[in-house]
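These numbers were taken from a predicted model, which means no experiment stands behind them. Residue numbers run from 1 in the order of the sequence given.
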Amino acid sequence: MRLTVHTDYALRVLMTLAVVDDRVITIDELARRHRVSKNHLMKVAQTLVGLGLVQSVRGRAGGLRLKRDPQEIRMGAVVRELEDDMRVVECLGDGPGACMFTGACRLTRALARAVEAFLSELDKLTLADLAGLRPVMRERLGLPEVAVEAPNSLGP
(Lines give C-alpha, C1' and ligand atoms only; values in the text may rest on other atoms or scores of the structure.)
Protein backbone atom coordinates (compact mmCIF):
# COMPACT_ATOMS: atom_id res chain seq x y z
CA MET A 1 0.00 0.00 0.00
CA ARG A 2 1.39 3.35 -0.96
CA LEU A 3 -0.17 6.79 -0.65
CA THR A 4 0.23 9.30 -3.47
CA VAL A 5 2.59 12.25 -3.21
CA HIS A 6 -0.50 14.48 -3.20
CA THR A 7 -1.79 12.77 -0.04
CA ASP A 8 1.67 12.82 1.55
CA TYR A 9 1.98 16.57 1.01
CA ALA A 10 -1.60 17.15 2.18
CA LEU A 11 -0.88 15.38 5.46
CA ARG A 12 2.29 17.45 5.90
CA VAL A 13 0.36 20.67 5.26
CA LEU A 14 -2.34 19.70 7.75
CA MET A 15 0.21 18.81 10.43
CA THR A 16 2.06 22.07 9.84
CA LEU A 17 -1.13 24.10 10.12
CA ALA A 18 -1.94 22.27 13.34
CA VAL A 19 1.33 23.31 15.00
CA VAL A 20 1.67 26.93 13.81
CA ASP A 21 -1.09 28.03 16.17
CA ASP A 22 -3.75 30.14 14.52
CA ARG A 23 -1.20 31.87 12.32
CA VAL A 24 -1.73 32.06 8.57
CA ILE A 25 1.04 30.39 6.57
CA THR A 26 1.76 30.96 2.89
CA ILE A 27 2.34 28.37 0.19
CA ASP A 28 5.83 29.85 -0.30
CA GLU A 29 6.64 29.33 3.37
CA LEU A 30 5.26 25.77 3.32
CA ALA A 31 7.30 24.95 0.21
CA ARG A 32 10.45 26.38 1.76
CA ARG A 33 10.02 24.72 5.15
CA HIS A 34 9.20 21.30 3.67
CA ARG A 35 11.60 21.62 0.72
CA VAL A 36 8.91 20.60 -1.78
CA SER A 37 7.50 22.06 -4.97
CA LYS A 38 5.39 25.19 -4.63
CA ASN A 39 3.32 24.05 -7.64
CA HIS A 40 2.51 20.74 -5.93
CA LEU A 41 1.55 22.55 -2.73
CA MET A 42 -0.75 24.92 -4.60
CA LYS A 43 -2.71 21.92 -5.91
CA VAL A 44 -2.71 20.31 -2.47
CA ALA A 45 -3.97 23.52 -0.87
CA GLN A 46 -6.75 23.77 -3.43
CA THR A 47 -7.82 20.22 -2.60
CA LEU A 48 -7.74 20.84 1.16
CA VAL A 49 -9.78 24.02 0.76
CA GLY A 50 -12.28 22.12 -1.38
CA LEU A 51 -12.61 19.47 1.32
CA GLY A 52 -13.37 22.14 3.91
CA LEU A 53 -10.31 21.33 6.01
CA VAL A 54 -8.32 24.46 5.25
CA GLN A 55 -9.29 28.08 4.80
CA SER A 56 -7.61 30.26 2.22
CA VAL A 57 -7.12 33.83 3.42
CA ARG A 58 -6.77 36.38 0.64
CA GLY A 59 -4.87 39.63 0.68
CA ARG A 60 -1.47 40.89 1.61
CA ALA A 61 -1.37 38.94 4.89
CA GLY A 62 -3.06 35.94 3.30
CA GLY A 63 -2.24 32.29 3.28
CA LEU A 64 -3.69 29.12 4.73
CA ARG A 65 -5.03 28.11 8.12
CA LEU A 66 -7.02 25.22 9.48
CA LYS A 67 -10.76 25.63 9.09
CA ARG A 68 -11.66 22.92 11.60
CA ASP A 69 -10.42 21.94 15.03
CA PRO A 70 -7.60 19.34 14.74
CA GLN A 71 -9.52 17.14 17.22
CA GLU A 72 -12.34 16.85 14.67
CA ILE A 73 -10.22 15.81 11.69
CA ARG A 74 -9.99 12.01 11.41
CA MET A 75 -7.03 10.90 9.33
CA GLY A 76 -8.80 7.87 7.83
CA ALA A 77 -11.49 10.16 6.44
CA VAL A 78 -8.84 12.52 5.06
CA VAL A 79 -6.99 9.70 3.28
CA ARG A 80 -10.25 8.31 1.87
CA GLU A 81 -11.05 11.75 0.43
CA LEU A 82 -7.57 12.28 -1.00
CA GLU A 83 -6.90 8.85 -2.48
CA ASP A 84 -8.98 8.06 -5.54
CA ASP A 85 -7.65 4.52 -5.94
CA MET A 86 -7.10 2.36 -2.88
CA ARG A 87 -6.63 -0.84 -4.87
CA VAL A 88 -3.53 -2.69 -3.82
CA VAL A 89 -3.67 -4.85 -6.94
CA GLU A 90 -5.69 -4.79 -10.14
CA CYS A 91 -8.02 -7.60 -9.02
CA LEU A 92 -9.63 -5.19 -6.54
CA GLY A 93 -11.00 -3.18 -9.46
CA ASP A 94 -13.44 -3.70 -12.28
CA GLY A 95 -11.18 -2.59 -15.13
CA PRO A 96 -9.94 -4.49 -18.15
CA GLY A 97 -6.99 -5.84 -16.16
CA ALA A 98 -9.29 -7.62 -13.70
CA CYS A 99 -7.95 -11.02 -12.76
CA MET A 100 -9.51 -14.19 -14.14
CA PHE A 101 -9.50 -15.62 -10.61
CA THR A 102 -11.64 -12.82 -9.15
CA GLY A 103 -14.41 -14.45 -7.18
CA ALA A 104 -12.66 -17.82 -7.24
CA CYS A 105 -9.70 -17.04 -4.97
CA ARG A 106 -9.51 -15.70 -1.44
CA LEU A 107 -6.84 -13.12 -2.19
CA THR A 108 -9.28 -10.44 -3.33
CA ARG A 109 -11.22 -10.44 -0.06
CA ALA A 110 -8.04 -10.66 2.03
CA LEU A 111 -6.54 -7.64 0.28
CA ALA A 112 -9.78 -5.68 0.59
CA ARG A 113 -9.80 -6.41 4.35
CA ALA A 114 -6.15 -5.34 4.58
CA VAL A 115 -6.94 -1.98 2.98
CA GLU A 116 -9.90 -1.54 5.32
CA ALA A 117 -7.69 -2.41 8.32
CA PHE A 118 -5.16 0.20 7.17
CA LEU A 119 -7.87 2.86 6.94
CA SER A 120 -9.41 1.71 10.21
CA GLU A 121 -6.10 2.37 11.98
CA LEU A 122 -6.02 5.87 10.49
CA ASP A 123 -9.62 6.41 11.62
CA LYS A 124 -8.38 6.11 15.21
CA LEU A 125 -6.10 9.12 14.73
CA THR A 126 -7.03 12.77 14.66
CA LEU A 127 -4.90 15.58 13.30
CA ALA A 128 -4.36 16.63 16.92
CA ASP A 129 -2.86 13.18 17.61
CA LEU A 130 -0.44 13.56 14.68
CA ALA A 131 0.61 17.00 15.88
CA GLY A 132 1.05 15.81 19.47
CA LEU A 133 4.80 16.42 19.57
CA ARG A 134 4.35 20.14 18.88
CA PRO A 135 7.71 21.36 20.26
CA VAL A 136 9.65 18.85 18.15
CA MET A 137 7.57 19.54 15.06
CA ARG A 138 7.93 23.31 15.49
CA GLU A 139 11.70 22.87 15.87
CA ARG A 140 11.90 20.76 12.69
CA LEU A 141 9.91 23.42 10.84
CA GLY A 142 12.28 26.09 12.11
CA LEU A 143 9.54 27.85 14.06
CA PRO A 144 10.24 29.64 17.34
CA GLU A 145 9.09 28.07 20.59
CA VAL A 146 5.77 29.26 21.88
CA ALA A 147 6.13 30.93 25.23
CA VAL A 148 3.86 29.43 27.87
CA GLU A 149 3.15 31.56 30.88
CA ALA A 150 3.75 29.84 34.19
CA PRO A 151 0.88 30.12 36.64
CA ASN A 152 1.36 32.86 39.18
CA SER A 153 2.04 31.07 42.47
CA LEU A 154 1.81 34.27 44.52
CA GLY A 155 -1.89 34.74 43.88
CA PRO A 156 -3.70 38.02 43.19
Side-chain angles (χ1 to χ4, degrees), residues 1-90 92-95 111-156:
M1 172 113 234
R2 185 178 186 109
L3 299 178
T4 62
V5 171
H6 190 82
T7 298
D8 177 19
Y9 288 177
L11 296 174
R12 293 183 203 190
V13 168
L14 289 172
M15 286 187 282
T16 301
L17 294 175
V19 300
V20 295
D21 302 318
D22 289 328
R23 176 167 91 77
V24 173
I25 191 164
T26 66
I27 298 285
D28 284 334
E29 185 178 355
L30 283 166
R32 189 178 73 253
R33 291 189 186 280
H34 287 282
R35 297 182 301 269
V36 298
S37 162
K38 179 182 170 185
N39 289 335
H40 270 105
L41 288 181
M42 288 173 64
K43 293 173 188 173
V44 166
Q46 191 174 35
T47 299
L48 294 172
V49 168
L51 292 174
L53 298 171
V54 170
Q55 179 183 18
S56 176
V57 179
R58 295 188 183 274
R60 182 179 155 138
L64 303 172
R65 71 172 157 228
L66 282 179
K67 190 172 183 177
R68 295 176 39 205
D69 185 322
Q71 292 282 356
E72 297 174 4
I73 300 173
R74 292 263 161 214
M75 302 321 298
V78 171
V79 169
R80 282 181 185 90
E81 289 289 335
L82 293 170
E83 290 291 323
D84 57 355
D85 184 1
M86 295 295 291
R87 295 177 299 169
V88 178
V89 292
E90 193 64 35
L92 292 179
D94 299 327
L111 291 174
R113 284 192 309 268
V115 170
E116 191 48 45
F118 173 78
L119 293 169
S120 178
E121 283 300 309
L122 291 177
D123 285 334
K124 295 174 187 175
L125 295 170
T126 66
L127 179 57
D129 295 329
L130 296 186
L133 296 174
R134 291 173 57 87
V136 175
M137 293 175 81
R138 290 180 64 82
E139 178 185 327
R140 300 249 172 112
L141 287 166
L143 296 169
E145 284 189 43
V146 178
V148 178
E149 289 187 32
N152 186 350
S153 61
L154 300 176

Rounded distance (nearest 0.5 Å) linking atom CG of L64 with atom CG of L30: 6.5 Å
What is the minimum heavy-atom distance between A131 and M15, and which atoms define it? CB-O, 4.5 Å
Looking at S56, is its backbone amide N or carbonyl O close enough to the side chain of R65 to form a donor-acceptor pair, meaning the two atoms are under 3.5 Å apart? no
When you look at R140 and M137, which way does the side chain to side chain contact (heavy atoms under 4.5 Å, CB included) test go after all the steps? CA-CA 5 Å; R140 300 249 172 112; M137 293 175 81; 5.7 Å; no
Distance check, rounded to the nearest 0.5 Å: Q71 atom CD versus L127 atom CG? 9.0 Å
Which atom pair, heavy atoms only, marks the closest approach of L41 to I27? O-CD1, 3.8 Å
In Å and rounded to the nearest 0.5 Å, what is the CG to CG distance from L82 to L53? 8.0 Å
Min side-chain heavy-atom separation L141-H34 under 4.5 Å: yes
Any non-hydrogen side-chain atom of L66 less than 4.5 Å from a side-chain atom of Q55? no
L14 CG to M75 CE distance, which is reported to the nearest 0.5 Å: 5.5 Å
Atom pair CG/CZ of L17 and R68 - distance to nearest 0.5 Å: 13.5 Å
If we ignore angles and hydrogens, is there a donor and acceptor under 3.5 Å between the side chains of S120 and D123? no
Looking at side-chain heavy atoms only, is the closest gap between T47 and H6 below 4.5 Å? yes
Presence of salt bridge, R12 and D8, under 4.0 angstrom: yes
Rounded to the nearest 0.5 Å, what separates atom CD in E29 from atom CG in L143? 6.5 Å
Taking the basic N atoms (NZ, or NE/NH1/NH2) and the acidic carboxylate oxygens, is any pair closer than 4.0 Å for E116 and R113? no
Whether R138 side chain and V19 backbone form a donor-acceptor pair below 3.5 Å: yes
Heavy-atom pair of closest approach, residues A31 and S37: CB-C, 4.4 Å
H40: what forms a ring-ring contact (aromatic ring centres under 6.0 Å, His included) with it, not counting sequence neighbours? Y9
Side chains of T126 and D129, heavy atoms from C-beta outward: is any pair under 4.5 Å? yes
